[in-house]
Amino acid sequence: GESVGLHLPTLSVQEGDNSIINCAYSNSASDYFIWYKQESGKGPQFIIDIRSNMDKRQGQRVTVLLNKTVKHLSLQIAATQPGDSAVYFCAETNQAGTALIFGKGTTLSVSS
Amino acid sequence: DVKVTQSSRYLVKRTGEKVFLECVQDMDHENMFWYRQDPGLGLRLIYFSYDVKMKEKGDIPEGYSVSREKKERFSLILESASTNQTSMYLCASSVDRGPYEQYFGPGTRLTVT
């Protein structure tokens with residue numbers, strides 16, 4: 001079946017370090033991937049997305065890498081700040097291409 | 001800014017009650033979605049809609065129904081609430097047909113006792 005998983009449920013880093021959050025996906029036909037950030041008490045917020053015809057995309061302090069060979073997605077956050085503490089979800093398109101399938105989330109904790 | 005609002009942040013209902021969760025978006029988006037979020041399970045899609053009066057089942061539609069009478073409003077209905085429907089419910093909308101960038105509301109924490 002379709003599933004999107006994350007390698008680690010929690011990640012703890014020091015302020016100023018770079019963070020890498022990993023995600024494995026199962027649908028080799030997925031053409032779109034997206035990362036969301038969810039702070040406590042709020043709904044998920046869009047961070048960055050990438051289509052399957054790309055292997056890297058950069059935003060402000062964030063980079064998403066897509067490795068289709070091993071079906072792996074990662075989110076890199078540069079110079080992590082306490083405000084980056086949140087749960088991060090990756091998502092991929094389902095087999096029909098009609099909906100997103102979300103992973104279980106990685107909780108990022110940033111200590112100063 | 002896109003704004004997706006949900007009628008309640010917290011709701012407590014009794015088993016067997018009919019429950020309505022309302023979601024409104026103000027950006028004229030075509031597509032709207034309802035998810036539930038449970039610890040360790042991520043977000044799971046309940047229903048979605050690509051147009052007024054149109055609905056499609058997601059991954060876990062059992063025990064739920066939806067209504068979309070107006071483009072900006074998408075309602076989730078629990079016909080007879082059960083304790084296993086205690087969860088965080090999230091509504092989202094997107095402008096493009098397909099599962100692309102979705103804007104989420106703040107969520108409704110529903111407790112069924």
Side-chain angles (χ1 to χ4, degrees), chain A residues 1-10 21-27 29-54 57 59 62 64 73 86-107, chain B residues 1-10 21 23-25 27 29-51 54-61 66 87-109:
Chain A
E2 300 167 341
S3 66
V4 177
L6 289 167
H7 293 300
L8 289 174
T10 60
I21 301 171
N22 295 305
C23 182
Y25 65 92
S26 62
N27 180 13
S30 288
D31 65 350
Y32 178 80
F33 304 86
I34 189 168
W35 281 97
Y36 281 93
K37 172 187 179 183
Q38 186 176 26
E39 296 174 282
S40 181
K42 296 183 179 179
Q45 287 180 288
F46 170 84
I47 302 173
I48 193 167
D49 58 5
I50 188 169
R51 294 196 181 265
S52 60
N53 60 354
M54 303 172 69
R57 191 169 186 214
V62 295
V64 55
L73 189 70
V87 180
Y88 290 81
F89 293 96
C90 65
E92 63 170 327
T93 49
N94 64 358
Q95 291 277 4
T98 54
L100 289 173
I101 300 174
F102 284 81
K104 293 177 174 52
T106 290
T107 300
Chain B
D1 278 351
V2 177
K3 195 166 183 184
V4 179
T5 57
Q6 296 183 229
S7 51
S8 306
R9 292 302 304 272
Y10 300 94
L21 302 182
C23 175
V24 177
Q25 49 93 4
M27 285 301 292
H29 282 177
E30 300 289 333
N31 315 306
M32 298 188 75
F33 307 83
W34 273 107
Y35 296 87
R36 63 176 284 176
Q37 182 176 21
D38 301 288
L41 296 179
L43 280 71
R44 293 180 291 166
L45 182 64
I46 305 172
Y47 268 97
F48 58 104
S49 168
Y50 286 139
D51 202 352
M54 175 273 176
K55 61 184 178 184
E56 288 195 31
K57 293 180 180 179
D59 298 319
I60 51 165
V66 290
S87 187
M88 170 69 83
Y89 289 88
L90 290 161
C91 175
S93 70
S94 68
V95 61
D96 293 319
R97 184 176 177 97
Y100 306 114
E101 183 184 345
Q102 295 176 19
Y103 297 84
F104 283 84
T108 295
R109 172 75 65 186

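Below, all heavy atoms of this structure are taken into account, side chains as well, without hydrogens, waters or symmetry copies.
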Point to revise | Side chain to side chain, A:Y36 and B:L43, heavy atoms closer than 4.5 Å | key: no
Relative to chain A, which segment of [X] carries a heavy atom at a distance below 4.5 Å: side chain, backbone, both, or neither?
X      : result
B:L45  : side chain
B:R109 : neither
B:Q6   : neither

Check your understanding: In terms of heavy-atom pairs under 4.5 Å with chain A, which of B:G107, B:G40, B:C91 leads?
Key -> B:G40
Exercise for review: Among B:R44, B:R9, B:Q37, single out the residue with the greatest number of heavy-atom pairs under 4.5 Å to chain A.
Suggested key: B:Q37
**Study point:** Gap between atom CZ of B:F33 and atom CG of A:L100 - 0.5 Å precision
**Key:** 7.0 Å
Revision key, fill the gap. Closest non-hydrogen contact found for A:Q38 with B:L90 is NE2-CD1, 4.2 Å
Revision key, fill the gap. Within residues 39-48 of chain A, the residues sitting under 4.5 Å from chain B by heavy atom, in sequence order, are A:G41, A:K42, A:G43, A:P44, A:F46
Check your understanding: Excluding sequence neighbours, so at least two apart, what forms salt bridge (Lys or Arg N to Asp or Glu O under 4.0 Å) with B:D51?
Key -> none
